[in-house]
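Read the structure below first, then the notes.
As the structure is a computational prediction, the values presented were derived from the model and not from experiment. Below, chains carry the letters A, B, ... as their sequence lines are ordered, and counting in each starts from 1.
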Amino acid sequence: MTADTEQNIRVRIAPSPTGDPHVGTAYIGLINFLCARQRNGKFVLRIEDTDRTRFVSTSEQMIFEALRWLGLSWDEGPDVGGPYGPYRQSERTEIYREHADLLLASGSAYRCFCTPEELEAVRRQQMAARLPARYPGTCRRLSVSEVEANLSAARPFVIRMKVPGSGSTTFRDELRGAITFEHTNVDDQVLIKSDGFPTYHLANVVDDYLMRITDVIRAEEWISSTPKHVLLYQAFGWPVPRFWHMPLLRNVDKSKISKRKNPVSLVYYRQAGYLPEAMLNFLGLMGGGMPADINNATEKFTLEDMMQHFDIRNIRPAGPVFDLTKLRWLNGEYLRALSPQAFYGALRSTILSDHYLSRIAGLVQTRMETLGQFGDLTNFFFAENVLPPPEVFLPKKRSIEETLAFAAEQLATLEATEWTAEALEPALKQMGDAKGWSVKENFMLLRAILTGSTMSPPLLESMVIFGKARTLDRLRRFLDAQKKTAGHRK
RNA sequence: GGCGCCAUGGUGUAACUGGUUAACACGCCGCCCUCUCAAGGCGGAGAGUUCGGGUUCGAUCCCCGAUGGCGCUACCA
């Protein structure tokens, strides 16, 4: 932070519980954590669960666990409390409603009665006419009596912010300098959805103010909506915090990092046997931030080193590729640096834990005649990858194309299903039915992809023990590998 | 399409406020060590800094433009 703004800073991360904890959350979390610790500030964890359609109930707990695994501890949050709670946005709806009313009263916002269908139609027209897709402002021009009429007719509505028709908003990004947006390019954002929940834009501004956040350190994808946020701060008459937009982590092809192309779940990295030290170190490499002498000399540093030497102002704004190859090398370095006892300890606490082993044992006891067969029956649980040849995975009456298409369906189904045998079984069967695949074909294909063989312990139970993150990764790798060989065949 | 951000080898970074044979790490290749594979040691290829202008005695670095990449463009965050 700049020298003239010495103060007790307050920063936050605000993950959304919509699935597995994401490496991007860890990256932004790390930087926020470092800034807070370096300045004797506070690091707040806030759960942004305002989207009830994407809400995943197990997600919040997984986020906690992943951040603890990495050692990024927070001072205030839903689990530890704090003076500015609650820290879960779903528990703050009343606050947002009050603030939306304030905006309504001051004329900075208005009710919009347009239906999603109407909006969609307008959007399509605008796209067709190659115009920027924007809210046409229909309800902005509603008279008081028209609004009253709609209200008494109990028509559902959203609350939109009223962006000035002309002029522009300029804000300062601490890494990039001044950024200006013409108001003609800023849409009348929805602030309160028809279900009464706020959108990110309202909730984040209200909470950041109420929680006394001084520095908003978040991902670059938020730059385009920052003018909306600034306008909201102004409408409320609040001071604007400092904004630091961090570069977006990228896939190898430079697109924004995504599960399609890269494992992004922290659960995956943990279960696959990456050490938190290596992950932290690797994330610290992303975008720079460590001084050149240290960076140049070793590239290997600890969280402690980062607290000591990291400087957010050194972050380069270009999006770094999250390069698994280098992460793996780094992880190997950390593994080799362990004492033999510590190394064995790491194995025993993860990939060979009693918990994991005993659950696997429970699957194979009836299938063994000698204990020595254990390895043969369960090796897929311990292999980093298995790649079955077509002789193994291809059903007799199916073409390679339809099989791969079906495997992609399986992936989608698995992705969307709660990770228990009870939930997975009907979900898979139902999907297979719909696609005209027998249960046998269906399960056998999955078995082959997951275990590399047509013989294995019970499939669903195996998947549950192996874990969602790793199972999905294995499916994706399979699909990728097949896509590549298909490319070669052509 | 519109708006915004970004731009150093394949990848991650470095090069003090303009002056270096553009450095380090990963990866790749070769050699050594060695029963194998790793690890380790040694060496090598690979960018003249996206391109074009400008400012300057001198630009990776400053300015302008182009190009490319990415993001946003939701009653998702």
Exercise for the section: Using the C1' atom on both, measure B/G19 against B/A66 and round to a whole Å. Expected result: 29 Å
Exercise for the section: Kindly point out which of B/G71, B/C75, B/C26 is positioned nearest to the side chain of A/Ser255? Expected result: B/G71
Problem - Atom-pair distance (CZ on A/Arg52; P on B/C75), nearest Å - result: 14 Å
Fill in the blank from the handout: Regarding the side chain of A/Arg123, the nearest nucleotide among B/A74, B/G71, B/U11 is B/A74
Exercise for the section: Would you please enumerate the stems RNA chain B participates in, each stem being three or more consecutive Watson-Crick or G-U wobble pairs with both distances under 3.5 Å? Expected result: B:1-7 with B:67-73, B:10-13 with B:23-26, B:28-32 with B:40-44, B:50-54 with B:62-66
Problem - Lys/Arg-Asp/Glu bridge criterion (N-O < 4.0 Å) met for A/Asp207, A/Arg212 - result: no
Handout entry: Lys/Arg N to Asp/Glu carboxylate O, A/Arg476 vs A/Asp480, below 4.0 Å
Key = no
Practice task
Considering only NZ, NE, NH1 and NH2 on the basic side and carboxylate oxygens on the acidic side, decide whether A/Arg328 and A/Glu384 come within less than 4.0 Å.
Solution key: yes
Exercise for the section: State plainly whether the residues A/Arg46 and A/Asp208 are in salt-bridge range, i.e. N to O under 4.0 Å. Expected result: yes
Handout entry: A/Thr53 or A/Glu221, whichever maps to the more 5' nucleotide of RNA chain B
Key = A/Glu221
Practice task
Scan A/Arg160 against the nucleic acid and name what it touches under 4.0 Å (heavy atoms): base, sugar-phosphate only, or nothing.
Solution key: sugar-phosphate
Exercise for the section: Report which part of the nucleic acid A/Glu118 touches: base, sugar-phosphate, or nothing (heavy-atom distance under 4.0 Å, all strands). Expected result: nothing
Handout entry: Any donor-acceptor pair under 3.5 Å from A/Arg54 side chain to A/Pro17 backbone
Key = no
Practice task
Look at the side chain of A/Trp329 and decide which nucleotide, out of B/A74, B/C26, B/A77, has an atom nearest to it.
Solution key: B/C26
Fill in the blank from the handout: Of the candidates B/A77, B/G40, B/C72, the side chain of A/Lys256 sits closest to B/C72
Practice task
Answer with yes or no whether A/Lys300 presents, from its side chain, a donor or acceptor under 3.5 Å of a partner atom in the base of B/A25.
Solution key: no
Handout entry: Separation of B/C3 P from A/Asp173 CG (nearest whole Å)
Key = 20 Å
Practice task
Sticking with atom P, work out how far B/G18 lies from B/C57, rounded to a whole angstrom.
Solution key: 15 Å
Practice task
Name the closest nucleotide to the A/Pro116 side chain, picking from B/G40, B/A25, B/C75.
Solution key: B/C75
Completion exercise
Judged by nearest nucleotide, the residue sitting upstream toward the 5' end of RNA chain B, A/Ile179 or A/His201, is A/Ile179
Handout entry: Interatomic distance where OH belongs to A/Tyr135 and P belongs to B/A74 [whole Å]
Key = 14 Å
Fill in the blank from the handout: Closest to the side chain of A/Ser224, out of B/G71, B/A77, B/C26, is B/G71
Exercise for the section: Let me know the distance between CG of A/Asp187 and C1' of B/A74, rounded to the nearest Å. Expected result: 10 Å
Practice task
Just label B/G41 as syn or anti from its O4'-C1'-N9-C4 or O4'-C1'-N1-C2 angle, using within 90° of 0 for syn.
Solution key: anti
Exercise for the section: Rounded to whole angstrom, note down the P distance from B/U56 over to B/U17. Expected result: 22 Å
Exercise for the section: Using a cut-off of strictly less than 4.0 Å, decide whether A/Lys193 has a side-chain nitrogen or oxygen near OP1 or OP2 of B/C76. Expected result: yes
Practice task
Please measure how far the P atom in B/U50 lies from the corresponding atom in B/G68, and state the result in whole Å.
Solution key: 16 Å
Practice task
Assign A/Thr50 to base, sugar-phosphate, or nothing according to its heavy-atom contacts below 4.0 angstrom with the strands shown.
Solution key: sugar-phosphate
Handout entry: Nucleotide nearest A/Arg250 (side chain, heavy atoms from C-beta), chosen from B/G40, B/A74, B/C70
Key = B/C70
Practice task
Compute whether any side-chain donor of one residue and acceptor of the other, for A/Asp173 and A/Trp244, lie under 3.5 angstrom apart.
Solution key: no
Practice task
Name the nucleic acid region contacted by A/Pro198, choosing base, sugar-phosphate or nothing; use a 4.0 angstrom heavy-atom cut-off, strictly under.
Solution key: sugar-phosphate
Fill in the blank from the handout: Closest of B/A14, B/C5, B/G4 to the A/Phe181 side chain is B/G4
Practice task
Quote, to the nearest angstrom, the P distance that separates B/C72 from B/G53.
Solution key: 35 Å
Practice task
Please state the C1' separation for the pair B/G9 and B/C5 - nearest whole angstrom.
Solution key: 24 Å
Problem - Given B/G71, B/G27, B/G2, the nucleotide with the shortest approach to the side chain of A/Pro132 - result: B/G2
Exercise for the section: Establish, from distance only, whether the side-chain atoms of A/Tyr110 and A/Asp188 form a donor-acceptor pair under 3.5 Å. Expected result: yes
Practice task
Could you tell me whether the side chain of A/Arg54 has a donor or acceptor atom within less than 3.5 Å of a complementary atom in the base of B/C76?
Solution key: yes
Handout entry: Presence of salt bridge, A/Arg10 and A/Glu76, under 4.0 angstrom
Key = yes
Practice task
Using the P atom as the reference point in each nucleotide, state the distance between B/U34 and B/U20 in Å, no decimals.
Solution key: 45 Å
Fill in the blank from the handout: From CG of A/Asn185 across to P of B/G1 the rounded distance in Å is 15 Å
Fill in the blank from the handout: note: A/Ile223, atom CD1; B/G71, atom P; distance rounded to Å ~ 13 Å
Practice task
Establish, from distance only, whether the side-chain atoms of A/His245 and A/Arg176 form a donor-acceptor pair under 3.5 Å.
Solution key: no
Handout entry: Distance, P atom - from B/G52 to B/A15, rounded to whole angstrom
Key = 25 Å
Problem - Exercise: do A/Ser108 and A/Ser106 side chains pair donor with acceptor under 3.5 Å - result: yes
Handout entry: Phosphate OP1/OP2 of B/A7 contacted by A/Lys254 side-chain N/O (<4.0 Å)
Key = no
Practice task
Please report, rounded to the nearest Å, how far the P atom of B/A14 is from the CG atom of A/Asp311.
Solution key: 12 Å
Handout entry: Interatomic distance where CD belongs to A/Glu299 and C1' belongs to B/A23 [whole Å]
Key = 12 Å
Practice task
Measure from the side chain of A/Val321, starting at C-beta and using heavy atoms only, and say which of B/U11, B/A25, B/C76 lies closest.
Solution key: B/U11
Practice task
Would you indicate what A/Val158 reaches in the nucleic acid, counting non-hydrogen atoms under 4.0 angstrom: base, sugar-phosphate, or nothing?
Solution key: base
Handout entry: Rounded distance (nearest 0.5 Å) linking atom CH2 of A/Trp419 with atom CG of A/Asp20
Key = 10.0 Å
